[in-house]
Visitor: 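Questions regarding the structure given below will be posed in turn.
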Amino acid sequence: MRQERDLTRLFQVLLAAAIVFALTMALLPKPPHMPIDRFGDKFEHMLAFATLAALASFAYPAARALKVLERLSFLGAMVEVLQSIPSLHRDCDIRDWIADTIAIAVVVGIIALIRSSRPPRLRTLH
């Protein structure tokens with residue numbers, strides 16, 4: 001049980017770090033070039049939010065899948081609203097939020113399916 005709590009805590013720390021990184025990259029006026037830039041903006045959004053969805057699902061294993069989807073989708077929407085601040089020189093694009101939400105839904109859905117196939121006492125385990 002202690003090992004499970006330690007693992008959950010590790011995922012919570014990783015999730016917090018990933019959120020800080022994602023927000024920093026999303027709100028920098030001139031973000032550094034990354035190797036994944038060649039795949040396009042939507043790919044970057046989907047990769048970031050798929051990662052956040054996986055981390056959130058493991059950080060909060062007892063949380064309902066729809067709650068994780070809702071909260072992370074809201075985070076994606078808020079990123080787009082903040083990117084509309086003129087001094088950031090970023091673009092607010094609803095398609096980015098849609099890409100975020102699709103990636104979250106896919107990852108959270110896969111994890112929920114895997115968990116539902118486990119015996120009841122193992123469903124919240126990582």
Visitor: Please say yes or no: joined through hydrophobic side-chain contacts below 4.5 Å, possibly via intermediate residues, are Ile104 and Ile98 part of one cluster?
Guide: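 Different clusters.
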Visitor: Can you list everything that forms a side chain to side chain contact (heavy atoms under 4.5 Å, CB included) with Ala50? Sequence neighbours excluded, please.
Guide: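 Ala103, Val107.
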Visitor: Using the salt bridge (charged side-chain N to carboxylate O under 4.0 Å, His left out) rule, collect all pairs that involve residues 79-91, keeping only residues at least two apart or in two chains.
Guide: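 Counting only pairs at least two positions apart or across chains, no salt bridge (charged side-chain N to carboxylate O under 4.0 Å, His left out) contact touches residues 79-91.
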Visitor: Could you note down all residue pairs passing salt bridge (charged side-chain N to carboxylate O under 4.0 Å, His left out) where residues 95-114 supplies at least one of them, sequence neighbours left out?
Guide: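 Output for this query lists Lys42-Asp96, Asp93-Arg95.
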Visitor: In the hydrophobic cluster built from side-chain contacts under 4.5 Å, what are the other members alongside Leu88?
Guide: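 Cluster partners of Leu88: Leu27, Leu82, Ile85.
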Visitor: Can Leu7 be reached from Ile111 by stepping across I, L, V, M, F, W or Y side chains whose heavy atoms are under 4.5 Å apart?
Guide: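 The answer is yes; both residues are in one hydrophobic cluster.
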Visitor: Applying ring pair (Phe, Tyr, Trp, His ring centres under 6.0 Å), which residue pairs with at least one partner in residues 25-51 are found, sequence neighbours left out?
Guide: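 Residue pairs passing ring pair (Phe, Tyr, Trp, His ring centres under 6.0 Å), neighbours aside: Phe39-Phe43.
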Visitor: Do any pairs count as a salt bridge (charged side-chain N to carboxylate O under 4.0 Å, His left out) and have a residue in residues 17-38, sequence neighbours left out, and if so which ones?
Guide: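 Of all non-adjacent pairs touching residues 17-38, none passes salt bridge (charged side-chain N to carboxylate O under 4.0 Å, His left out).
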Visitor: When rounded to the nearest 0.5 angstrom, what is the spacing between OG1 in Thr51 and CG in Leu47?
Guide: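 Rounded to the nearest 0.5 Å, the OG1-CG separation comes to 4.5 Å.
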Visitor: Throw together a table of side-chain donor-acceptor distances under 3.5 angstrom for residues 66-76, partners on residues two or more places apart or in other chains.
Guide:
| unit_1 | atom_1 | unit_2 | atom_2 | d |
| --- | --- | --- | --- | --- |
| Ser73 | OG | Trp97 | NE1 | 3.1 |
| Ser73 | OG | Thr101 | OG1 | 2.9 |

Visitor: Are Val108 and Ser57 packed together at the side-chain level, in the sense that at least one heavy-atom pair is separated by less than 4.5 angstrom?
Guide: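 Side-chain contact under 4.5 Å: yes.
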Visitor: With a 3.5 Å cut-off and sequence neighbours excluded, list the donor-acceptor pairs that the side chains of residues 12-25 form with protein atoms.
Guide:
| unit_1 | atom_1 | unit_2 | atom_2 | d |
| --- | --- | --- | --- | --- |
| Gln12 | OE1 | Arg9 | NH1 | 3.4 |
| Gln12 | NE2 | Ala59 | O | 3.2 |
| Thr24 | OG1 | Val20 | O | 2.7 |

Visitor: State which residues pass salt bridge (Lys or Arg N to Asp or Glu O under 4.0 Å) with Asp41; sequence neighbours excluded, sorted by chain then number.
Guide: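 Salt bridge (Lys or Arg N to Asp or Glu O under 4.0 Å) check on Asp41 returns nothing, list empty.
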